[in-house]
There are 2 protein chains.
Amino acid sequence: MATARAGGDARAGGRVPGRRGSATRGRLLECTASLLAGTGYRDLTVADIARCAATSPATFYQYFTDVEGAVLELAAELGDGLGPVVDRITTGDWTGEGGLEVARRVVQGFFDYYEEHRSVYRVVDLAAGEGDLRFRQARTRVLAAVTEALVGAIGRSRPGAGVDGEATAYVLVSMLVNSAAHRYGMEFWGVRTSRQVDALARIVHAAVTGAGSGPPA
Amino acid sequence: MATARAGGDARAGGRVPGRRGSATRGRLLECTASLLAGTGYRDLTVADIARCAATSPATFYQYFTDVEGAVLELAAELGDGLGPVVDRITTGDWTGEGGLEVARRVVQGFFDYYEEHRSVYRVVDLAAGEGDLRFRQARTRVLAAVTEALVGAIGRSRPGAGVDGEATAYVLVSMLVNSAAHRYGMEFWGVRTSRQVDALARIVHAAVTGAGSGPPA
DNA sequence: CCCGTGGTCTGACGGGTCGTCAGGTTCCGG
DNA sequence: CCGGAACCTGACGACCCGTCAGACCACGGG
């Protein structure tokens with residue numbers, strides 16, 4: 001296939017990977033992730049990455065077009081890991097009282113997942129928001145499995161109802177992502193994580209099943 | 001009060017503003033906002049801002065400690081503008097069928113508001129997520145009015161119920177913010193804005209009033 | 001009308017990063 | 001032992017950063 005390289009991948013004009021090459025490439029990626037988690041994206045620099053990987057900046061450019069190329073690579077590996085969350089959504093029994101517990105575990109699973117990838121995900125979110133197509137695509141791909149699982153759960157839970165499963169699933173995922181991202185910000189404000197998880201679970205549960213919890217309108 | 005300057009403000013060691021000074025300072029801020037909207041944060045540079053404002057980079061540093069200082073300043077002016085949204089939350093009648101319409105207008109108002117400030121807000125979100133206290137504080141302050149209004153609405157709508165108003169309001173706001181931020185990303189995926197607004201409105205309405213829309217559990 | 005004072009601007013600089021060559025080094029099969 | 005492919009890097013011009021000291025206003029008092 002002559003599909004154009006989306007960018008961010010190795011540049012070396014069509015070279016074969018090779019043993020040693022993949023090693024340094026991997027080391028470069030590790031260092032990128034590590035520095036991203038440490039100092040943050042705003043002052044992540046090629047020079048630093050190269051220093052950390054005990055190699056020269058020039059080498060970096062042999063494998064990635066720029067810093068964002070490396071981050072994009074990390075973003076690609078980001079999709080895996082949401083499997084457990086997807087399972088809980090798909091195989092869980094959303095009906096009755098247990099439904100709320102399913103929702104709670106989904107939310108908790110998402111929080112756990114996010115915790116390991118916050119630094120990478122943050123950049124993806126920023127770049128996607130700024131309109132960068134590569135990152136927008138990466139973001140979509142990462143969250144696709146969860147979104148689709150939610151669409152399925154909604155469709156099964158309330159068939160025929162006048163609800164827009166796709167749109168609902170999408171905004172639910174947005175809620176999960178942003179809540180997880182600003183989890184500590186909320187704690188700083190006095191709202192503990194457990195309370196967040198609970199509130200999120202109620203909303204997810206209500207949105208998926210259509211169940212209410214207050215006085216009937 | 002000897003409260004330490006949070007940073008981001010003018011540096012000139014305690015100088016008085018002055019006529020001409022405020023002018024260039026304003027021009028600098030305008031250019032920052034403009035470039036932020038245009039080229040995005042990832043390659044926003046002091047040199048560019050200075051060029052745009054027809055002045056020298058050195059002048060920039062006379063008014064702000066660095067690029068983020070200027071953005072932080074823009075973030076401070078960000079809180080105003082959410083007044084209409086707050087009003088709709090506070091004065092709207094959430095009961096009965098009309099409640100859903102109130103929710104819809106709240107969501108739409110938030111989308112409109114966000115549209116004018118996306119570029120600035122994006123940076124605030126990133127920096128806050130990375131733990132920067134100045135930005136975390138700014139973010140809290142910007143969203144505080146809406147969050148509090150929602151807390152009030154929830155408390156009025158379902159007093160005594162076992163719901164955590166604060167946590168619920170906070171995650172609802174997270175949902176609104178992130179949905180607005182990735183509005184175009186969703187459209188790209190085939191979900192039109194009107195559908196997003198509708199889905200968001202249903203969720204907000206359900207969370208505030210406790211009303212359900214599906215078969216009773 | 002001139003002049004001084006204090007607010008305002010900037011040229012210039014050392015230090016650092018960026019992205020890219022051309023050419024050196026390492027590895028491996030023959 | 002040797003040739004070539006894969007891999008690495010020194011070095012370079014361009015640019016940005018952040019910070020001085022000193023030049024440039026502007027305005028009110030003499």
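For the numbers below, each heavy atom of this structure counts, side chains included, while hydrogens, waters and symmetry mates do not. A note on names: the letters A, B, ... follow the listed sequences, proteins ahead of strands, and every chain is numbered from 1.
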J.: Looking at residues at least two apart in the chain, or sitting in another chain, which of them share a side chain to side chain donor-acceptor pair (under 3.5 Å) with A:Arg195?
T.: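 For A:Arg195 the side chain to side chain donor-acceptor pair (under 3.5 Å) partners, ignoring immediate neighbours, are B:Asp164, B:Glu166.
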
J.: Expressed in angstrom and rounded to an integer, what is the separation of A:Arg20 atom CZ from D:dA5 atom C1'?
T.: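 In whole Å, D:dA5 C1' lies 12 Å from A:Arg20 CZ.
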
J.: Could I get the full list of side chain to side chain contact (heavy atoms under 4.5 Å, CB included) partners for B:Ala149, not counting sequence neighbours?
T.: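 Only B:Val86, B:Ile89, B:Thr90 meet the side chain to side chain contact (heavy atoms under 4.5 Å, CB included) criterion with B:Ala149.
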
J.: What residues, two or more places apart in sequence or in another chain, satisfy side chain to side chain donor-acceptor pair (under 3.5 Å) together with B:Thr59?
T.: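 Expected list: B:Thr55.
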
J.: Please report, rounded to the nearest Å, how far the C1' atom of C:dC18 is from the CD atom of A:Glu68.
T.: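 For the pair A:Glu68 CD and C:dC18 C1', the rounded distance is 14 Å.
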
J.: When the distance from CG of A:Asp43 to P of C:dG16 is rounded to whole Å, what number comes out?
T.: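 In whole Å, C:dG16 P lies 16 Å from A:Asp43 CG.
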
J.: Apply side chain to side chain donor-acceptor pair (under 3.5 Å) to B:Arg156 and list each qualifying residue two or more places apart in sequence or on a separate chain.
T.: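 Partners of B:Arg156 under the side chain to side chain donor-acceptor pair (under 3.5 Å) test: none.
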
J.: When you compare the protein's N or O atoms with those of nucleotides 10-15 of chain C, which come within less than 3.5 Å of each other, and at what distance?
T.:
{"unit_1": "C:dT10", "atom_1": "OP2", "unit_2": "B:Thr55", "atom_2": "OG1", "d": "2.6"}
{"unit_1": "C:dT10", "atom_1": "OP2", "unit_2": "B:Ser56", "atom_2": "N", "d": "3.2"}
{"unit_1": "C:dT10", "atom_1": "OP2", "unit_2": "B:Thr59", "atom_2": "OG1", "d": "3.3"}

J.: C:dT17 P sits how many Å from B:Arg42 CZ, rounded?
T.: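 Atom-to-atom, B:Arg42 to C:dT17, this comes out as 21 Å.
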
J.: Below 3.5 Å between N/O atoms, which protein atoms pair up with nucleotides 13-17 of chain D? Just atom names and distances, please.
T.:
{"unit_1": "D:dC16", "atom_1": "OP1", "unit_2": "B:Arg51", "atom_2": "NH2", "d": "3.2"}
{"unit_1": "D:dC16", "atom_1": "O3'", "unit_2": "B:Thr45", "atom_2": "OG1", "d": "3.3"}
{"unit_1": "D:dC17", "atom_1": "OP1", "unit_2": "B:Thr45", "atom_2": "OG1", "d": "3.1"}
{"unit_1": "D:dC17", "atom_1": "OP1", "unit_2": "B:Val46", "atom_2": "N", "d": "3.2"}
{"unit_1": "D:dC17", "atom_1": "OP2", "unit_2": "B:Thr45", "atom_2": "OG1", "d": "3.2"}
{"unit_1": "D:dC17", "atom_1": "OP2", "unit_2": "B:Ala47", "atom_2": "N", "d": "3.1"}

J.: Figure out the CZ/P separation between A:Phe64 and C:dC18, and round it to whole Å.
T.: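 These atoms are roughly 15 Å apart.
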
J.: Tell me, please, which residues at least two apart from A:Tyr170 pass ring pair (Phe, Tyr, Trp, His ring centres under 6.0 Å).
T.: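 Per chain and number, A:Tyr170 pairs via ring pair (Phe, Tyr, Trp, His ring centres under 6.0 Å) with B:Trp189.
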
J.: Under 3.5 Å, which donor-acceptor pairs link side chains of residues 38-47 of chain B to any protein atom two or more places apart or in another chain?
T.:
{"unit_1": "B:Thr39", "atom_1": "OG1", "unit_2": "B:Leu35", "atom_2": "O", "d": "3.2"}
{"unit_1": "B:Tyr41", "atom_1": "OH", "unit_2": "B:Glu68", "atom_2": "OE2", "d": "3.2"}
{"unit_1": "B:Arg42", "atom_1": "NE", "unit_2": "A:Glu130", "atom_2": "OE1", "d": "3.1"}
{"unit_1": "B:Arg42", "atom_1": "NH1", "unit_2": "A:Glu68", "atom_2": "OE1", "d": "2.7"}
{"unit_1": "B:Arg42", "atom_1": "NH1", "unit_2": "A:Glu68", "atom_2": "OE2", "d": "3.2"}
{"unit_1": "B:Thr45", "atom_1": "OG1", "unit_2": "B:Ala47", "atom_2": "N", "d": "3.1"}

J.: Not counting sequence neighbours, list each pair that qualifies as a side chain to side chain donor-acceptor pair (under 3.5 Å) and has a residue in residues 101-112 of chain B.
T.: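 Residue pairs passing side chain to side chain donor-acceptor pair (under 3.5 Å), neighbours aside: B:Glu101-B:Arg104, B:Arg104-B:Asp198, B:Gln108-B:Asp112.
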
J.: Do A:Ser179 and A:Gln196 pair up side chain to side chain, a donor and an acceptor below 3.5 Å, judged on atom types alone?
T.: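 On atom types as modelled, these side chains do not qualify, holding no pair under 3.5 Å.
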
